[in-house]
Trainee: 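Here it is: the structure, laid out below.
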Amino acid sequence: MTNSNSDLQLQRRALGNRRRRTPSLSKSLRLMLAFAFTVQFISPAWQMRMLHLNDGRSPSSSSTSTSSRLLLRSRRAIPTPKIYDDVRDVPRMTSTGPIEANDGIGGLYHFTDVCLTKHHLLNENLQGVIYFQPDNDELLANELRCVPCSAPLNHGGGWDGEGRDEKAVRHKCGFTTAHAMFAHNVSEWSECHNQPVARNQLDRWGQHQIPSRAEVVHWYEEPIISLNFRPNIGHALFDYMLAYLPHWYAFRTNNNMPFAGVISHVFQGCLSDSHDWFCTILRAMEAFGNAQELPREPNNTTLYCYKSLYLVHVAYQRTISHEGLLTESVFVAFRDIMFTNFKLKRARDYHLIRTTEANGNAAASSIKEPTKLLFYAHEPSGRRVWNGMHDLIDKFKDEPKYKAVEFNTVYDFGVFSTAEQAALFNEADAHIMTHGAQMANSIFAVDDTVYIELGCSIPTYLANPKFLSLIKAQYQSVVKCGDGNDDICLQCDGNDDTYGNFTMTQSSFVLMLDKVLHTLEQNESKRKESI
C-alpha cells in the first residue's frame with residue numbers, strides 16, 4: 001500500500017505534523033471524514049429539512065416523524081430564577097424524593113425543594129444535594145448533617161442505601177456523585193457547613209463544596225435536570241447515558257419532555273456550542289427536548305435551589321445490571337438518530353463486488369472493496385501504549401495474503417470532532433486498539449463489527465455481553481501472556497498491569513490478524529446465505 005502526499009494530510013494532523021511510517025487513513029475514509037466534519041456544523045433543523053428534500057417530503061408533511069418534530073420545534077425561553085440577596089428570605093422548604101421519573105424505570109429521579117452544590121475541584125462532576133427536613137429534630141441535632149459523604153457505585157438501596165462513610169457522619173450518603181447533606185434551611189446549612197467539627201471532616205475527606213457559605217440564592221420554580229457527567233467519553237456513555245436512555249425514550253415516545261432547563265456543573269455551553277464529544281451527542285438526540293441550559297454566576301457564593309429537580313443516578317446502568325430497562329428498542333431508536341445525524345451507513349455492505357464504468361462501457365471492471373482495519377496504540381497519554389505497533393503494520397501490510405486489507409492508524413482521537421470519530425468507527429470492519437475511552441465510539445459502528453481490545457489488564461465496559469448484544473458486535477481481548485494464552489498475548493513492561501505499556505511479537509500479531517479476518521469472512525458468508 002502506498003501513500004500519496006494528500007493521503008498523509010489528515011494523519012499528519014493527528015500526529016501533530018510528525019510523519020509516521022504506518023499507513024494513513026484511506027481516501028474513502030478521508031472523504032467520509034470531510035463530509036462528517038461539514039455535517040456537524042449544520043443545525044439539527046436544517047439537517048432535517050435536508051432529509052425531507054432528499055425524500056421528496058416537505059417539513060410540514062403530515063408523515064413527519066416524532067423525532068423530526070422534536071428537531072424542528074423552537075427553543076423555549078431560558079428559565080428565570082427568583083433571586084434572594086438575603087438567604088434568610090428564602091421560603092420554607094421541605095424536600096421530597098427521590099421518585100422515579102417514569103414508573104418502574106430506575107436511573108432518573110425527581111426531587112422537590114432541594115439545592116445543589118458543586119465539589120470544589122473544578123474538573124469533578126461530584127455534586128452535593130442539600131435536602132431540607134425542618135421538622136426532623138433528631139437529624140438536625142447531628143453536627144455532621146451538612147457534610148457530604150461518598151456513596152459507592154450501585155450500593156444497595158440507592159438513595160437510602162448504606163454508603164461507606166455513613167457511620168462517620170450518621171446520615172445517608174445519597175447517590176454516586178450526588179452526595180446528600182441535610183439542613184433546616186439555607187441559612188442554617190451555611191452555619192453548619194462552617195462549624196469547626198464539620199470543617200475538620202470536610203478537610204479530612206476533601207469534600208469542600210461550592211459555595212461553602214451561601215450569600216445569594218437563585219430559586220428556580222420550573223423543572224430542571226442536572227447534567228452531571230464525567231468529562232471522559234467512556235464514563236459519559238456508560239455512567240450517564242445508559243442510565244438516562246430509557247427515560248429519554250419514554251419521554252420521546254409520549255412527546256412529553258418535562259424539563260424547562262438544564263444545569264451543568266461540568267461544561268458551560270454543553271447544549272449550545274461545546275465541541276465536547278458527549279455534548280455533541282446530547283444535542284444531536286435532543287436529549288432534553290427544548291430545555292435551555294441555565295447560566296451560572298461567576299462567583300462561589302451563589303447557591304442554586306430548585307422547586308423541581310431531576311437527577312440521574314450516575315453509573316446505575318454501567319454494567320446494564322438492571323434488566324428490562326435498556327431494551328433493544330430503546331437502543332435502536334438512539335442509534336438510528338446518531339446514524340442519521342452524522343450521515344453514517346446503517347448496515348455493512350460486506351464488500352460485495354462493485355462494478356464501475358470506463359469509457360462509457362458498463363461493467364468494464366470489477367473491484368472488491370478492501371477490508372478496513374483501524375489501529376490505535378494509545379500513544380498520546382504515554383500510558384497503556386502499544387509500543388512497536390507501527391513496525392508490525394509496516395512489516396506485514398504488503399504481504400500477499402493481506403493485499404485485500406486496508407490498514408489505517410489513528411494517533412490521537414482527541415484531535416478529531418465527534419462526527420469525525422463517528423465516521424472512523426463506522427467505516428472500519430474491525431478495530432484493533434489499546435483499551436481506552438475511544439471505544440465509546442462503538443455506538444457508531446455498523447452491526448457485526450469486530451473489536452480487539454489490548455492491554456496488560458483491561459477494566460473494560462465494552463466486553464459486557466449485554467452491551468455487545470445492543471451494538472451487535474464481536475469482541476476479543478488480548479492481555480498479558482500467561483495462563484495458557486501465549487499464542488496471542490502481550491509482553492508487558494513493569495508490574496503496572498492497569499497502565500503499563502506493552503509490545504506484541506510478530507507471531508502473535510499475525511495470528512491476531514488472521515483470526516480477525518477469518519471472523520469477518522464468516523460474517524460475510526452468513527450474510528450472503530441470508531440474502
Side-chain angles (χ1 to χ4, degrees), residues 22 123-125 150 152-155 164 176-177 230-239 242 277 314-315 317-321 373-393 395-396 409-414 425 430-442 449-468 471 473-516 519:
T22 53
N123 62 342
E124 286 283 355
N125 66 322
S150 296
L153 289 175
N154 294 322
H155 59 293
R164 65 189 178 200
T176 303
T177 77
R230 184 174 172 182
N232 168 292
I233 70 175
H235 284 285
L237 173 67
F238 285 94
D239 288 353
L242 296 192
W277 183 91
V314 172
Q317 279 285 60
R318 175 184 284 185
T319 59
I320 318 181
S321 56
L373 307 181
L374 188 61
F375 292 82
Y376 176 64
H378 208 265
E379 293 166 290
S381 72
R383 307 184 305 177
R384 297 197 302 268
V385 177
W386 180 0
N387 290 316
M389 181 192 78
H390 305 285
D391 295 327
L392 290 169
I393 295 173
K395 182 173 181 61
F396 294 103
T409 63
V410 171
Y411 176 74
D412 183 2
F413 276 96
F425 266 71
H431 302 89
I432 303 174
M433 301 181 175
T434 299
H435 166 68
Q438 80 284 345
M439 287 298 196
N441 287 296
S442 59
T449 295
V450 174
Y451 293 91
I452 306 295
E453 192 171 24
L454 299 90
C456 299
S457 175
I458 304 177
T460 183
Y461 309 134
L462 178 64
N464 183 347
K466 296 175 184 176
F467 184 71
L468 292 174
I471 62 172
Q474 292 161 290
Y475 173 92
Q476 181 64 54
S477 62
V478 178
V479 295
K480 186 176 182 179
C481 294
D483 297 326
N485 69 330
D486 292 342
D487 288 341
I488 304 177
C489 62
L490 309 174
Q491 285 73 44
C492 297
D493 302 341
N495 298 317
D496 186 355
D497 286 351
T498 301
Y499 297 109
N501 300 337
F502 57 87
T503 58
M504 177 180 265
T505 65
Q506 293 182 11
S507 59
S508 283
F509 183 73
V510 171
L511 285 172
M512 178 182 67
L513 285 183
D514 292 347
K515 185 174 182 179
V516 168
T519 300

Trainee: From Ile432 CD1 over to Met512 CE, what is the distance, rounded to the nearest 0.5 angstrom?
Mentor: 4.5 Å
Trainee: How far apart are the C-alpha atoms of Leu392 and Gln506, what are their side-chain angles, what is the distance that settles it, and do they pass the side-chain contact (heavy atoms from CB on, under 4.5 Å) test?
Mentor: CA-CA 7 Å; Leu392 290 169; Gln506 293 182 11; 3.8 Å; yes
Trainee: So, do Leu468 and Gln474 sit near enough that their side-chain heavy atoms are less than 4.5 Å apart?
Mentor: no
Trainee: For the pair Ser508 (side chain) and Asp487 (backbone), establish whether a donor and an acceptor sit closer than 3.5 Å, ignoring hydrogens and angles.
Mentor: yes
Trainee: Say whether, by atom type as modelled, one donor and one acceptor occur between the side chain of His378 and the main chain of Trp386 under 3.5 angstrom.
Mentor: no
Trainee: Side-chain contact, heavy-atom cut-off 4.5 Å: Cys481 with Gln491?
Mentor: yes
Trainee: If I take atom OH from residue Tyr475 and atom CE from residue Met439, how far apart are they, to the nearest 0.5 angstrom?
Mentor: 7.0 Å
Trainee: Which heavy atom of Val314 sits nearest to which heavy atom of Thr177, and what is that distance?
Mentor: CG2-OG1, 3.3 Å
Trainee: Checking the side chain of Asp391 only, and the main-chain atoms of Gly388 only, is there a donor and an acceptor separated by less than 3.5 Å?
Mentor: no
Trainee: Compare every heavy atom of Phe425 with every heavy atom of Tyr451, then report the nearest pair and how far apart it is.
Mentor: CE2-CE2, 4.0 Å
Trainee: Could you grab the distance from atom OG1 of Thr498 to atom CZ of Arg383, nearest 0.5 Å is fine?
Mentor: 10.0 Å
Trainee: What I'd like to find out is whether the side chain of Leu462 reaches to under 4.5 Å of the side chain of Ile471, using heavy atoms alone.
Mentor: yes
Trainee: Tell me whether Lys395 at atom NZ has more than 12 heavy atoms from other residues, nucleotides or ligands lying less than 6.0 Å away.
Mentor: no
Trainee: Between Asn464 and Thr319, is there a donor-acceptor pair closer than 3.5 Å when you use the side chain of the first and the backbone of the second?
Mentor: yes
Trainee: Using 4.0 Å as the upper bound for N to carboxylate O, is an ion pair formed by Arg230 and Asp239?
Mentor: no
Trainee: Please round to the nearest 0.5 Å and tell me the distance separating atom OG1 of Thr409 and atom CG of Leu374.
Mentor: 8.0 Å
Trainee: Within this structure, what is the OG-NE2 distance for the pair Ser477 and His435, rounded to the nearest 0.5 Å?
Mentor: 11.5 Å
